[in-house]
Engineer: 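Here it is, the structure in full.
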There are 2 protein chains.
Amino acid sequence: MERGRGALGPALELVHTGRAPTRAVLTAELGVTRATAGAVAAELEALGLIRVDARPTAPAGSQGRPSHRLSVAPDGPVVLAAQIHADGYRAALVGLGGRVVATAPGCMTVPADPSHIIDAVVGAGAGLLRSSGRRCLGAGLAVPSAIAEPDGTALNPLHLSWPAGAPVHELFTEALAKCGVTGPTGAPVPGVTGNDVNLAALAEHRHGAGRGARHLLCVATGHRGVGGALVLDGRLHSGSSGLALEVGHLTVNPAGVPCHCGSRGCLDVETDPLAFLTAAGRTPGPEVSLLQQSRDLLRTEYADPSVRAAAELIVDRLGLGLAGLVNILNPDRILLGGLHRELLEADPERLRAVVADRSLWGRSGSVPILACTLDFNSLIGAAEAAWQPVLDDPLAALA
Amino acid sequence: MERGRGALGPALELVHTGRAPTRAVLTAELGVTRATAGAVAAELEALGLIRVDARPTAPAGSQGRPSHRLSVAPDGPVVLAAQIHADGYRAALVGLGGRVVATAPGCMTVPADPSHIIDAVVGAGAGLLRSSGRRCLGAGLAVPSAIAEPDGTALNPLHLSWPAGAPVHELFTEALAKCGVTGPTGAPVPGVTGNDVNLAALAEHRHGAGRGARHLLCVATGHRGVGGALVLDGRLHSGSSGLALEVGHLTVNPAGVPCHCGSRGCLDVETDPLAFLTAAGRTPGPEVSLLQQSRDLLRTEYADPSVRAAAELIVDRLGLGLAGLVNILNPDRILLGGLHRELLEADPERLRAVVADRSLWGRSGSVPILACTLDFNSLIGAAEAAWQPVLDDPLAALA
DNA sequence: CGTATTTTGTTTAGCGTCGGCACAAAGTCA
DNA sequence: TGACTTTGTGCCGACGCTAAACAAAATACG
């Protein structure tokens, strides 16, 4: 008599996100009886997804029977996570709980042809799978471009020198089949594809600085342009065709530089690494990434008045853009990544003040603005997206 | 053995929105067996919420056994709907299916003191309830101001000359108790309060031009300023504290007039009725509302070049604002109300072209932009919000 | 005109999931 | 050592559904 089938998914998600360290809190979080929570935990353990400690652990200074700790199975199944960025690609195996199980050395090839690069990164992931010998339940790919749904084409892979409309999802699926990345049924695992900032936001919500937020807004800039993402009640909001949160074309400087969108003074061109370097009077070199150059500048020469002034200028513009987003989305937390994160950490108060001042209700209850905390959050996010079917229905996903 | 308790709410919602005209389609829509759908329908009928026709109706040119029509119970329970606007207030009783059962004559008093007006409108509604003798299950109030959640205070009741922060929800709840608007338990019915544009969007989604949209964006202007609303998967998205979709401060004219928000050229001041009248070179008179004046001008003098030019100017700015929202929210449908609706109908192609041109992915797949179709949509929306608990769990709401 | 077909609705039996409850286990507190 | 607190399990029944057979009411067709 197997019990707790309906609660299986929610329960796994609670353990996955670390919100259910014991069966007792699982009981409370699920709102079921102890009997059900126990059965659910037993079934998840039988499925090889979670581990229930044999020995109970007594928390200091508490009475009652000590509870057995619940955790993600250390040798459980994994998903293949892949990321393509301006300078190369990266592949990894990620278990439940966002644990990186194995990583392929990050390759630094300029990703010219989409099909080659996707084959290469999936090949690297497949190699990790073979050498680790672990079961694979899914695969996710993060790409620095808007991905149209449901076709899965990359609409603006600007700094990848890919053709617009590249069929990323199709290529990824084919590569997974070609490289023999198969699931429990023997068929190739399903592949999910997404924008890197979107996936990073998902990862931060599950395992990083976004934990517990109901309406999480994420804004980041890595190379050129600015990306945004919104996680609502734990699910990525990607709009009706995957193109939501293209925040780069909010006007933040009416007298600013022209943007390819036809307007001028867009967030995209006014707050990215190039804008910062230019504002600081530096000419970017070709050797390292723009993000790296601006990060270095910010960290080593913040005392220089011109650098500081440039940072403040960018912060003010970013604040204006964030305020606009706050007026529209009313998030309960904002996370910043890439250069925006560095700018926040350089002067947290200035950015918060601008946002509070320029958003309509900022004074009454201002929004917490925090830095992303997860390393490789886009990669972890790709894994999260791949885990989603398992979290939604563990039994179906393992069948 | 009562069957179909869990599916009760979804089933009622399907009948409520007219998407389940017979038990057969109810079966299909719910994804359950005919047995369950039949039991659910029987139970809803027993609760007095829906009606199952005694005689079957045979659709022309179809074989098989003709089905019995499902409809909302004509003499079922109602909710009290109330609306306060710049020129007065309105009260009505609304049944399931958005049917207005009774209306109090719209009162045209300038609503100076919140407590008096709310007492008056609830009093009018209570009078309707007494004379109709129908059961009341809830009450909703639409207000032309952002309403902060969860406290229910009106943050910017600008054209009501109310104090900012007026405790609208509290006053509404008190008025309901004072006027003896009681539910099945004998206790005063719960009151829900919301922004008028938000509620209008909800109503349009359930019964109007928004039917079937998964991501519905609504933008409207009635008097001064511009309001927005977003309905996601059938639920109003009001942000983490009820303040989302304050779309009025998107920049649509960098060289425009200053706005009270500190910026200039905001949607709020560049596309409202006053902006249109001013652009057409007219000085607004005090006798009728700004909306009425601009509507009259648009309808009767559209041939006048200055009027037409003003309309096109406003349409271009509105298009810019909508394009910004499309980039951020990626809705699958846009609905316009108030003057914006009139402007759309005066020249649909121009607005659609501007939005397609200025939104990032507008060319590939442009968003349908339609006019609101429901009369008194804010009022109906207040009723919808009041019906929500019943739709979520009919048994609990009737207990 | 009668029979087959199609579609709708109902009845009955049964199963899976969960809650309720009693009981057991493993610690702290006095 | 015994009372208390908290965690975990076994058993039973209730509830909410599915499956499948049956019944009903129309059209289609020979």
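Chain letters run A, B, ... following the sequence lines, proteins first, then strands; residues in each count from 1.
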Engineer: Between atom CG in B/D53 and atom C1' in C/dG9, what is the gap in whole Å?
Structural biologist: 15 Å
Engineer: For A/E29 and D/dT7, what is the distance between atoms CD and P respectively, to the nearest whole Å?
Structural biologist: 13 Å
Engineer: So, does the side chain of A/R65 form a donor-acceptor pair with the base of D/dT6 at under 3.5 Å?
Structural biologist: no
Engineer: Tell me: NE2 of B/H68 to P of D/dA26, nearest whole Å?
Structural biologist: 9 Å
Engineer: Taking CZ from A/R69 and P from D/dT7, how many angstroms apart are they, rounded to a whole number?
Structural biologist: 12 Å
Engineer: Round to the nearest Å and state the distance from B/L8 atom CG to D/dC15 atom P.
Structural biologist: 15 Å
Engineer: Rounding to an integer number of Å, can you tell me how far A/L26 CG sits from D/dT9 P?
Structural biologist: 12 Å
Engineer: Give B/S62 one of three labels, base, sugar-phosphate or nothing, depending on what nucleic acid heavy atoms sit under 4.0 Å from its own.
Structural biologist: sugar-phosphate
Engineer: Where the side chain of A/P66 is concerned, which of C/dG27, D/dT18, D/dT27 is the nearest nucleotide?
Structural biologist: C/dG27
Engineer: What nucleotide among C/dC29, D/dG8, C/dC18 has an atom nearest to a side-chain atom of A/R23?
Structural biologist: D/dG8
Engineer: Give a yes or no on whether the backbone of B/A24 and the side-chain of B/R34 come within a donor-acceptor separation of less than 3.5 Å.
Structural biologist: no
Engineer: What is the separation between atom CD on A/E45 and atom P on D/dT9, rounded to the nearest whole Å?
Structural biologist: 10 Å
Engineer: Any chance the side chains of B/T17 and B/R19 put a donor and an acceptor closer than 3.5 Å?
Structural biologist: yes
Engineer: Between B/S241 and A/N330, does any side-chain donor sit less than 3.5 Å from a side-chain acceptor?
Structural biologist: yes
Engineer: Contact between B/V40 and B/L44 at the side-chain level, heavy atoms closer than 4.5 Å - yes or no?
Structural biologist: yes
Engineer: May I ask you to decide if A/H215's main-chain N or O and A/D332's side chain share a donor-acceptor pair within less than 3.5 Å?
Structural biologist: yes
Engineer: Which nucleotide wins on minimum distance to the side chain of A/T36, given the candidates C/dC18, D/dT9, C/dT8?
Structural biologist: C/dC18
Engineer: What contact category does A/R34 fall into here, base, sugar-phosphate, or nothing, at under 4.0 angstrom with non-hydrogen atoms?
Structural biologist: base
Engineer: Nearest to the side chain of A/A24, which nucleotide is it out of C/dT6, C/dT28, D/dG8?
Structural biologist: D/dG8
Engineer: Regarding B/T33, tell me which of base, sugar-phosphate or nothing describes its non-hydrogen contacts under 4.0 Å with the strands shown.
Structural biologist: base
Engineer: To the nearest angstrom, how far is B/L44 atom CG from D/dG16 atom P?
Structural biologist: 13 Å
